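Heads up: the structure comes next, in structure tokens.
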Amino acid sequence: MAAMSLLLRAAAAWGARRAGSGAAGGFRFPGLAGAARLPGTVAPVRHSSSHGKRMFIIKATSFYDTRFLNLLRFYIFLTGIPLALFITYVNIFIGEAELAEIPEGYIPEYWEYYKHPISRWIARYLLDPPEKNYEKEMALLDIEAKKAELRLMELEARRLMRHRGDGPWYHYETPDKNLTDNSMKSTPDN
Amino acid sequence: MSKDSDWEAYKVPPTRTPVSERTTTVPNPVTFFQTVFHYVVDAPVTFVREWIERQQAKNKFYYYHQKFRRVPDLSECLEGDYLCFFEAEAQWRRDRLVDQEIVEIVRERLGACKQREGPNQLQNCAKEAEQLAQVTKAYQDRYGDLGAHGNARTCLMKQKQRMMEERKAQANASQ
């Protein structure tokens with residue numbers, strides 16, 4: 001430890017001697033800015049003019065943010081760019097339909113009521129015709145209406161059979177009438 | 001519903017500004033800007049647009065406005081006939097869309113009239129303004145306060161209320 005301080009002092013003296021000879025010579029290393037200087041000597045320091053002194057700026061990490069944004073951009077553009085190119089191609093080279101009066105005696109197909117070619121394609125190949133959809137909805141309504149009607153009729157039948165007792169429902173098991181003992185009611189004086 | 005903008009519908013007649021005699025030798029700077037605009041913006045855009053239209057003209061196809069058959073109204077449906085209710089409801093919704101478009105067209109007419117007339121719009125657009133007032137009043141009477149869940153049934157009930165009030169007003173007026 002003591003030797004270390006002696007070594008450092010020798011290095012400082014040697015550096016100051018070199019700095020002194022360097023000032024006389026006129027050339028200066030930019031890295032030796034504050035390296036080994038005796039107090040009292042102020043050596044002019046030359047930094048590279050564009051950046052200034054290099055600083056180690058301490059700030060919070062932006063690694064995760066930039067990674068997220070890069071991934072977001074990548075995955076959006078992965079399908080977004082082909083989709084945009086395809087839609088541009090369709091709009092320029094195929095173009096939208098023109099409005100026309102329905103010709104006499106002609107019944108247009110159900111996809112011919114849309115303007116954009118992609119909407120027409122979707123209506124033609126992916127979706128059901130609106131007439132079929134309509135009939136499907138009406139069929140569901142019909143089934144549910146019939147179910148509701150039958151349930152109401154069942155409730156009414158149950159009520160009437162319970163009340164009148166002349167129907168096939170609401171039969172309860174009763175003991176055999178031959179098992180009853182009528183001896184306590186057989187004489188009038190009991 | 002998307003709307004095709006129709007340039008010809010509300011076309012303003014061409015202006016009849018007379019050609020004026022030049023009194024100075026200084027050239028009009030507006031013509032310079034007009035020619036610059038023409039060569040820098042107008043001509044390229046027109047060229048591109050016409051090229052696109054030439055590509056699209058090779059295979060033309062058309063679309064039509066669907067015409068729906070009239071089905072019995074909600075007031076003509078028997079009670080419990082859910083299929084009739086469904087069809088009447090669909091027809092009522094279509095009719096409401098049509099009425100909304102009618103109101104929109106009448107509004108556009110008034111707007112176009114105002115734009116055309118400029119300073120004397122209060123005087124010259126009176127017919128269109130009157131028509132818009134009538135149409136919006138009629139729309140409000142029919143579809144007005146039904147709310148977001150308004151359907152054919154609530155609209156029919158509203159009509160019934162209107163008729164009852166009318167009858168009451170008539171009875172009060174004749175007393």
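Just so we're on the same page: letters track the sequence lines, and every chain starts at 1. What you are looking at is a predicted structure, and each value in this text was computed from that prediction instead of being measured. Values reported hereafter were calculated over all heavy atoms of this structure, with side chains retained and with hydrogens, waters and symmetry mates removed.
Counting all heavy atoms, side chain and backbone alike, B:Asp145 lies closest to B:Lys158 at N-NZ, 3.6 Å.
Going from atom CD of B:Glu50 over to atom CD1 of B:Ile52 covers 11.0 Å, rounded to the nearest 0.5 Å.
Ring planes of A:Tyr134 and B:Phe86: tilted class, angle from 30 to 60°.
There is no contact between B:Lys58 and chain A, counting heavy-atom distances below 4.5 Å. When heavy atoms are compared at a cutoff of 4.5 Å, B:Glu53 does not approach chain A at all. Within the 4.5 angstrom heavy-atom criterion, atoms from both the backbone and the side chain of A:Tyr113 approach chain B. The part of B:Ala90 that comes within reach of chain A is its side chain, from C-beta onward, which places non-hydrogen atoms under 4.5 angstrom from that chain.
Between the side chains of A:Asn70 and A:Arg73, at least one donor N or O lies within less than 3.5 Å of an accepting N or O.
Under the 4.5 Å side-chain heavy-atom criterion for grouping Ile, Leu, Val, Met, Phe, Trp and Tyr, A:Tyr89 is connected to B:Val48 within one hydrophobic cluster.
Annotation: maximal heavy-atom pairing with chain B below 4.5 Å, among A:Ala100, A:Ala145, A:Pro108, occurs at A:Ala100. Between chain A and the residues B:Gln55, B:Lys67, B:Gln56, B:Lys60, the largest count of heavy-atom pairs under 4.5 Å involves B:Gln56.
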